[in-house]
Amino acid sequence: MTSYQPEIAFGIDIGGTGMKGGIVDLRGGVLMGDRFRLDTPQPSTPQAVAETAEKVAAHFDFAGPFGVAFPGVVLHGVVKTAANVDKEWIDTSLQAAMEPKLPGPVTVLNDADAAGLAEATYGAGRGLRGLIIVVTFGTGIGIALVNDGKLVPNAELGHLELDGFDAESRAAASARERDGLSWEQWAKRASKYLRHLENLLWPELFILGGGISKKPEKWVPLLKNRTPLVVAQLINNAGIVGAALAASQAQKGIELGAPESPAESTTTLTLD
Ligand code: BGC
């Protein structure tokens, strides 16, 4: 059994189709060994998902902090939305569902927020100031807003309206498969969605993640956006790494999303 070390934690990323986990070395934000994946149970009820998380964890010889990333809003440990998982999750405590199944203290958060934390700490957003938007294109569209290295959790901008529809139903990676779109057709939708975001929030950078970022050459060059775009560096492991990081930070008493060494402020806000 791996004994508790402050710089090692376990991340579990719950997705609409798969649940992945692995041990993360937080000094570099890298997996120690392979990750392990099981299909997300269908229906993805709280009990079935918690049992699958237990199986993912049991695949490893690890006891210590566990971070669990979930594809919906998570407020104070409780799930508030469930666009791509069973609706029974709504108002269920993810924290309470996971705690009896995992051998260590549990920290829970939104999956895109986990990816955002990982990219801001170890990946494409490392050390950057200003507003960065991490967009994960997968079963849904996940968004992480990171401002001066600090996460603003639970931004649900994947559900903005696009052409009269919920944006993720048009521009998620799953929409490309469902609608049998060519890369060009899908990239047009993704680009339109990103334009909508950039017109509303004027970020300094988009970091593009999710499983689809494994093949960036197919679609990233087709995007027509004003904002600089980079591909996520942790790609498919960002959720695992970010969840593990959140778990480790929670052990150190660091509030979710706070940069470990706060970015220096360049502006002073005076309130009269
Ligand atoms: C959910 C988000 C989640 C995203 C990616 C969306 O449908 O509303 O909370 O981050 O999918 O999984």
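For ligands, and for the atoms within them, numbers begin at 1 and follow the listed sequence. As the structure is a prediction and not an experimental result, all values here were calculated from the model.
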Trainee: If you measure from each non-hydrogen atom of Ala83 to ligand 1, which part falls under 4.0 Å: side chain, backbone, both or neither?
Mentor: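 Ala83 to ligand 1: side-chain contact only, backbone stays beyond 4.0 Å.
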Trainee: At less than 4.0 angstrom from any non-hydrogen atom of His159, what atoms of ligand 1 do you find?
Mentor: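 Here the atoms of ligand 1 in question are 1 (C), 6 (C), 7 (O), 8 (O).
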Trainee: Can you pull out the closest protein heavy atom to atom 6 (C) of ligand 1? Residue, atom name and distance to 0.1 Å, please.
Mentor: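 Among all protein heavy atoms, the one nearest atom 6 (C) of ligand 1 is Glu168 OE1, 3.2 Å.
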Trainee: Which one of Val78, Val49, Val74 satisfies the side-chain contact (heavy atoms from CB on, under 4.5 Å) criterion with Trp89?
Mentor: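 One option only clears the test, and that one is Val49.
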Trainee: Please state which part of Asn110 comes within less than 4.0 Å of ligand 1, counting heavy atoms only: side chain, backbone, both or neither.
Mentor: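 It is the side chain that touches ligand 1; the backbone stays farther off.
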Trainee: Check whether Arg178 reaches the backbone of Ser169 with its side chain - one donor and one acceptor, N or O, closer than 3.5 Å.
Mentor: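 Yes: the side chain of Arg178 pairs with the backbone of Ser169.
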Trainee: Sequence neighbours excluded and cut-off under 3.5 Å, please list the side-chain donor-acceptor pairs for residues 104-113, or say none.
Mentor:
{"from": "Asn110", "atom 1": "OD1", "to": "Ala112", "atom 2": "N", "distance (Å)": "2.9"}
{"from": "Asn110", "atom 1": "OD1", "to": "Asp113", "atom 2": "N", "distance (Å)": "3.0"}
{"from": "Asn110", "atom 1": "ND2", "to": "Gly72", "atom 2": "O", "distance (Å)": "3.0"}
{"from": "Asp113", "atom 1": "OD2", "to": "Asn154", "atom 2": "N", "distance (Å)": "2.7"}

Trainee: Contact between Gly72 and ligand 1, counting heavy atoms under 4.0 Å?
Mentor: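 A heavy atom of Gly72 does come that close to ligand 1.
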Trainee: May I ask which of Thr136, Asp111, Thr139, Asn154 has a heavy atom nearer to atom 10 (O) of ligand 1 than the others do?
Mentor: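 It is Asp111 that holds the nearest heavy atom.
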Trainee: Tell me the closest heavy-atom pair linking Ala124 and Val230, and the distance in Å.
Mentor: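 So the two residues come closest at CB-CG2, 3.8 Å.
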Trainee: Among all the protein's non-hydrogen atoms, which is closest to atom 8 (O) of ligand 1, and how far away is it?
Mentor: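 Here the nearest protein heavy atom works out to Glu156 OE1, 2.5 Å.
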Trainee: Cation-pi between Arg170 and Trp186: NZ/CZ under 6.0 Å from ring centre and within 45° of the ring axis?
Mentor: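 Cation-pi check for Arg170 and Trp186: fails.
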Trainee: Quick one: look at Ile141 and ligand 1, take heavy-atom pairs under 4.0 Å, and tell me if it's side chain, backbone, both or neither.
Mentor: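 Near ligand 1, Ile141 shows its backbone, while the atoms from C-beta on stay back.
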Trainee: Return yes if a side-chain donor-acceptor contact under 3.5 Å exists between Asn147 and Arg129, otherwise no.
Mentor: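 Distance-only check fails for Asn147 and Arg129.
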Trainee: Under a 4.0 angstrom heavy-atom cut-off, which atoms of ligand 1 come close to Gly142?
Mentor: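 Here the atoms of ligand 1 in question are 4 (C), 5 (C), 10 (O).
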Trainee: Side chains of Ser248 and Gln251 only: does a donor on one sit below 3.5 Å from an acceptor on the other?
Mentor: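 There is no such pair between these side chains.
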